[in-house]
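Have a look at the structure below before the remarks.
We count residues from 1, following the sequence as given.
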Amino acid sequence: MATLIAPINHSPVADAEALHGAFKGWGTDEKSVITILGHRNVYQRQQIRKSYQEIYQEDILKRLESELSGDFERAVYRWMLEPADRDAVLANVAIKDGSKSYHVIIEIVSVLSPEEVLAMRRAYHNRYKHSLEEDLAAHTTGHLRQLLVGLVTSFRYGGAEINPKLAKTEADILHESIKEKKGNHEEAIRILTTRSKTQLLATFNRYRDDHGISITKKLLDNASDDFHNALHTTIRCINDHKKYYEKILRGALKRVGTDEDGLTRVVVTRAEKDLKDIKELYYKRNSVHLEDAVAKEISGDYKKFILTLLGKQD
């Protein structure tokens, strides 16, 4: 369930005019920006962008970039992008960051539907004038390259059918690949990049039944290099993406110095999807409400905006 609280009736023209007013004079009226944009769904935000362009012959995204700053600006900017375009931006930033951020790309392509992945790849073409897979291939090598390129180019079957015999066979293949540092990684990559999510869940369950340990725990023991870390992230995201996102939030808030990028990414990308469920998981795991943890760790307009997306009422 989503956390976003958006009005049913809204006027994009009135919103565009109010935002224009917020940018006028000395300093920006950040409160108005948060009140308006923090309570508009993706369709409404695109309508505001269109109305602003028509009335003022200016892209509101460029105006927001110049009026706001820091983590607050980044969060609002990413919130205003269409989802496919936002994912393309996140993927590009992750490639530039190198191996420490490849989990962001895995997260995007493992959680999205096949159609959404395709839309994101198209958005990447339009924005960067080359493909996501060529950029990934240029920055990676070996099995890691095979896995990442395989994941971003995959168009998985989305049905509910399961082949139990195949689940057993492929659970064994994955076991061998993980157990042996020089195991048959090509086969593990083939399984993870081509099978439907439903089939993969059956395989992961069979792995646990046959080996008495979850595949993610087994991988955690062996995750000593970028490739095994990438395998671990892929399986976690496919297996239970809400639990994965909870862990990202926990890591972002509990580390020394908050990981604002991780916090922003999860809140902005999940607020209209399943952030309510992720919040509940966070509370169960940490005995602290996510809003309270966020309020303690960050400050200013960035804090107000993130709390608004988390569904906190003024």
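Looking at E82 and R49, no side-chain N of the basic residue comes within less than 4.0 Å of a carboxylate O on the acidic one, giving no salt bridge. Contact check on R250 versus E246 returns a salt bridge, with a Lys/Arg side-chain nitrogen under 4.0 Å from an Asp/Glu carboxylate oxygen. Ion pair K296/D292 not flagged as a salt bridge, since none of the NZ, NE, NH1 or NH2 atoms sits closer than 4.0 Å to an Asp/Glu carboxylate oxygen. A salt bridge is defined here as a Lys NZ or Arg NE, NH1 or NH2 lying under 4.0 Å from an Asp or Glu carboxylate O, and K62 with E65 fails to meet this definition. Checked for salt-bridge contact, E58 and R63 meet the test: a charged N lies under 4.0 Å from a carboxylate O. A salt bridge links R265 and E107; the closest N-O separation between the charged side-chain nitrogens and carboxylate oxygens is under 4.0 Å. K273 and E116 are joined by a salt bridge, as a carboxylate oxygen and a charged side-chain nitrogen come within less than 4.0 angstrom of each other.
Between the side chain of T3 and the backbone N or O of L309 there is at least one donor-acceptor pair closer than 3.5 Å. Listed for the E291 side chain is no donor-acceptor partner under 3.5 Å among the backbone atoms of T308. Panel note: side chain K197, backbone V111; a donor-acceptor pair is recorded below 3.5 Å.
With no hydrogens or angles considered, no side-chain donor-acceptor pair links D15 and Q47 at under 3.5 Å. Checked by atom type, the side-chain pair Y124/D135 shows a donor-acceptor distance below 3.5 Å. No side-chain donor from either of T233 and Y102 sits under 3.5 Å from a side-chain acceptor of the other.
Looking at K168 and K165, their side chains never come closer than 4.5 Å, going by heavy atoms from C-beta outward. For the pair E17/Y56, a side-chain contact is recorded, criterion being any heavy-atom separation below 4.5 Å from C-beta on. T140 places none of its side-chain heavy atoms less than 4.5 Å from the side chain of L147. For the pair N229 and H103, the minimum side-chain heavy-atom distance is 4.5 Å or more.
Summarising the geometry, atom CG belonging to L174 is positioned 13.0 Å from atom CZ belonging to R206; distances are rounded to the nearest 0.5 Å.
Residue-environment remark: CD (Q44) exceeds the threshold of 12 foreign heavy atoms within 6.0 Å. Within 6.0 Å of the CZ atom in R285, the count of heavy atoms belonging to other residues, nucleotides or ligands does not exceed 12.
Side-chain rings of H143 and H228 stay apart, their centers remaining 6.0 Å or farther from each other.
Ring planes of F305 and F72: perpendicular class, angle over 60° (limits at 30 and 60°). The aromatic rings of Y245 and H241 stand perpendicular to each other, their planes meeting at an angle above 60°, with 30° marking the opposite boundary.
Of all the heavy atoms in T194 and R156, the pair that sits closest is N-NH1, 4.0 Å.
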